[in-house]
Amino acid sequence: MRILVVEDDEVLREGLEVGLPLYGFCVDGVDSAEDARLALKAIDYELVVLDVALPDGSGLEVLRRWRADGDRTPILLLTARNSVSDRIDGLNLGADDYLGKPFDLEELAARLRALSRRAAGQPASILKWRNIVLDLNRHSLEVGGELRPVSRREFAILRALIERPGFVLSRSQLEERIYGWQEEVGSNAVEVHIHNLRAKLGREAIETIRGVGYKVTG
């Protein structure tokens, strides 16, 4: 799951860039409203973590403009713990959730997973397809009732495919889901992950559409 973190506190931002991947997120971080605007135009993020106080304006104004422009990306606001008015204003302007500073990283990860499920219309934290079960909270994979080891990127690819059975995702679309700006992408990285998944799921689980991409069938 690729997310954008908009936070001008360098220590906090870098901490989230390092910590959230431990919970299965792919994180891009920016420190200003303008950089956030450019990032959202370039990348189709699943979620945004938005600080209320930014060096080039209020995060609430950024939120207002995004929603006015029709951007429906789920947004979690980071606010000062005692700033109740910011929380109320943010929710009224279209924020989907908020979290006060300081916060627990595990709670932030749980809230982001919940926002992702809600946006995808999946109230439960379990994804099922045929004999495959993905637990989004535990980041685990079961095949035929047996747990199978799975890397963060394999999990992200399989989740993307299972969420839209029958829909073909290109290599570039999958790369966007699993790699951030600062990460080097090998020329055949997606193919390697698909190969590893087929070894765990069975060769017929993921279909290659030559010249287009990959899909699972319903």
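Under a 3.5 Å cut-off, the side chain of R67 and the backbone N or O of G94 do form a donor-acceptor pair. Without hydrogens or angle criteria, T208 side chain to R210 main chain gives no donor-acceptor distance under 3.5 Å. Side-chain N or O atoms of D96 include none that pairs as donor or acceptor with a backbone N or O of L115 at under 3.5 Å.
The two residues V62 and A33 come nearest to each other via the heavy atoms CG2-CB, 3.3 Å. Here the closest heavy-atom approach between residue P21 and residue V27 is recorded as CD-CG2, 4.0 Å. For the pair D28 and E17, the tightest heavy-atom approach, listed with the atom from each and the gap, is C-OE2, 4.5 Å. When every heavy atom of D31 is checked against every heavy atom of L54, the shortest pair comes out as O-CD2, 4.5 Å.
Atom CZ of R138 sits in a sparse spot, with 12 or fewer heavy atoms from other residues, nucleotides or ligands closer than 6.0 Å. Within 6.0 Å of OH in Y98 there are 12 or fewer heavy atoms belonging to other residues, nucleotides or ligands.
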Applying side-chain contact (heavy atoms from CB on, under 4.5 Å), run through I178 and L174 and close with a yes or a no. CA-CA 7 Å; I178 64 177; L174 292 173; 5.6 Å; no

Check step by step if salt bridge (charged side-chain N to carboxylate O under 4.0 Å, His left out) holds for R117 and E163. CA-CA 10 Å; R117 294 196 304 270; E163 284 178 340; over 6 Å; no

Let's go through E146 and R148 carefully: what are the C-alpha distance in whole Å and the side-chain angles of both, what is the deciding distance for salt bridge (charged side-chain N to carboxylate O under 4.0 Å, His left out) to 0.1 Å, and is it a yes or a no? CA-CA 6 Å; E146 296 183 1; R148 302 284 172 87; 3.7 Å; yes

Starting from the C-alpha separation in whole Å, work towards a yes-or-no answer on salt bridge (charged side-chain N to carboxylate O under 4.0 Å, His left out) for R171 and E191. CA-CA 8 Å; R171 184 176 72 176; E191 286 83 355; 3.4 Å; yes

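Linking ILVMFWY residues whenever their side-chain heavy atoms come closer than 4.5 Å, directly or via other members, leaves Y45 and L38 in distinct clusters.
Every residue was checked against the side chain to side chain donor-acceptor pair (under 3.5 Å) condition with E176, not counting sequence neighbours, and none meets it.
Grouping Ile, Leu, Val, Met, Phe, Trp and Tyr by side-chain contacts under 4.5 Å, direct or through others, leaves V11 on its own.
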Distance-only criterion, 3.5 Å: show the donor-acceptor pairs between side-chain atoms of residues 68-75 and protein atoms not counting sequence neighbours.
| residue | atom | partner | partner atom | Å |
| --- | --- | --- | --- | --- |
| D71 | OD1 | T73 | N | 2.9 |
| D71 | OD1 | T73 | OG1 | 2.7 |

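Under 4.0 Å is where a charged nitrogen must lie from a carboxylate oxygen, and between D44 and R2 no such pair does.
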